[in-house]
*Asks:* 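Structure in structure tokens, see below.
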Amino acid sequence: MPLKAAIVPVTPFMQNCTLLWDEASKAGAVVDPGGDVRRIQAGIEKAGMTVEKIILTHGHIDHAGGALELKEALGGIPIEGPHRDDAFLMENLEDQGEHLGIDGVRNVTPDRWLQEGDTVTVTGSTFSILHCPGHSPGSLVYVNAEQRFILMGDVLFKGSIGRTDFAYGDHDALINAIKTKLLPLGDDYAFICGHGPTSTIGEERRSNPFIA
Ligand SMILES: [Zn+2]
Ligand SMILES: [Zn+2]
């Protein structure tokens, strides 16, 4: 049964918090609950889904800032990802929230850190993990081969790439990860990214000026 997806824009950064669920069982997962947890819960209710787990692509505040609040609101469901290399960001979310004037942000440690080669299941569908550092050291991309579908986080966008102007950013590593790990997956892969519209690997291969 293919997963259905819905996007709930959250935080002042308009991050694409993504709901994934199986229409038959109504079970699913929430990807990158960065904040605005009530809005996410309204989306969960609208989908009529039961959330089994929270998945994080990386440790930035607009992706992980609401994860602990949502976890607790949903009875302590597990949080999986990102890579441990983003731990320093996730231990610092509350300070970032204060600095940015965003309320309700909490530090979070996932129940399961992930690394390249691991797999994550969402109600029977399997995602394999690619470690794609550069935007953040612990950024992960979740690949569902069966449905030719990717949860991209802030690695690759429609017409752009993740910013790397942080002290820990690494432009060359990001480009390398996109070219050696993502483009070879195949043009027919569709992706939901952390910000802006969805795209496909093929469209980005043809038209993205950052990887041409
Ligand atoms: Zn980010
Ligand atoms: Zn982001």
Side-chain angles (χ1 to χ4, degrees), residues 5-20 29-37 39-40 43 54-70 79-110 113-116 129-143 150-178 181-182 191-199 204 208 210-211:
I7 290 171
V8 183
V10 297
T11 80
F13 302 98
M14 294 303 285
Q15 200 275 122
N16 291 330
C17 173
T18 302
L19 312 179
L20 290 178
V30 177
V31 185
D32 287 354
D36 299 323
V37 169
R39 199 182 305 165
I40 297 171
I54 292 167
I55 292 171
L56 301 179
T57 61
H58 64 296
H60 280 157
I61 188 168
D62 51 325
H63 298 254
L68 185 56
E69 185 184 344
L70 183 65
I79 299 173
E80 301 193 19
H83 190 283
R84 198 182 288 275
D85 287 355
D86 270 5
F88 74 104
L89 292 168
M90 298 164 76
E91 289 159 2
N92 197 33
L93 291 171
E94 285 162 26
D95 287 347
Q96 283 183 60
E98 241 168 72
H99 179 71
L100 294 164
I102 304 172
D103 290 332
V105 176
R106 289 167 62 194
N107 296 343
V108 61
T109 304
W113 296 106
L114 297 170
Q115 57 187 338
E116 179 126 345
I129 307 304
L130 294 175
H131 184 200
C132 296
H135 171 69
S136 76
S139 280
L140 298 180
V141 169
Y142 294 74
V143 180
I150 301 170
L151 298 166
M152 187 62 84
D154 287 357
V155 173
L156 179 64
F157 299 121
K158 183 182 173 71
S160 188
I161 58 172
R163 57 185 285 197
T164 54
D165 58 333
F166 306 105
Y168 51 79
D170 187 334
H171 178 82
D172 292 347
L174 181 63
I175 295 293
N176 184 56
I178 292 169
K181 296 184 182 182
L182 301 185
F191 65 81
I192 293 178
C193 43
H195 306 267
T198 60
S199 186
E204 298 317 299
N208 190 314
F210 292 89
I211 54 174

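Counting starts at 1 for both ligands and their atoms, in listed order. Each residue takes its place number in the sequence, starting with 1.
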*Asks:* Backbone or side chain, does H195 get an N/O/S atom under 2.8 Å to the Zn ion (ligand 2)?
*Replies:*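 Under 2.8 Å: H195 contacts the Zn ion (ligand 2) through an N, O or S atom.
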*Asks:* Decide yes or no on side-chain contact (heavy atoms from CB on, under 4.5 Å) for F166 and T164, but give the supporting numbers first.
*Replies:* CA-CA 6 Å; F166 306 105; T164 54; over 6 Å; no
*Asks:* Please find out if the Zn ion (ligand 2) and some N, O or S atom of D32 are separated by less than 2.8 Å.
*Replies:*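 Checking the Zn ion (ligand 2) against D32, no N, O or S atom falls under 2.8 Å.
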*Asks:* How is the N/O/S atom of D62 that comes nearest to the Zn ion (ligand 2) named?
*Replies:*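 For D62, the N/O/S atom sitting closest to the Zn ion (ligand 2) is OD2.
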*Asks:* N/O/S of D154 less than 2.8 Å from the Zn ion (ligand 1)?
*Replies:*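 Under 2.8 Å: D154 contacts the Zn ion (ligand 1) through an N, O or S atom.
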*Asks:* Relative to each other, are the rings of H60 and Y168 parallel, tilted or perpendicular (30° and 60° limits)?
*Replies:*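 Tilted: the ring planes of H60 and Y168 meet at 30° to 60°.
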*Asks:* Using every non-hydrogen atom in the two residues, find where E80 and L114 come nearest and quote the distance to one decimal.
*Replies:*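 Between these two residues, the closest heavy atoms are C-CD1, 4.1 Å.
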*Asks:* With the Zn ion (ligand 1) as the point of reference, which N/O/S atom of H58 is the closest?
*Replies:*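 It is NE2 of H58.
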*Asks:* Taking N, O or S atoms only and a limit of 2.8 Å, check whether H60 reaches the Zn ion (ligand 1).
*Replies:*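 Yes, within the cut-off.
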*Asks:* Can you classify the ring geometry of H58 versus H63 as parallel (below 30°), tilted (30 to 60°) or perpendicular (above 60°)?
*Replies:*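 The rings of H58 and H63 sit tilted, inter-plane angle from 30° to 60°.
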*Asks:* For I54 and A67, work out which heavy atoms get closest and say how close.
*Replies:*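 Minimum heavy-atom contact is CD1-O, 3.6 Å.
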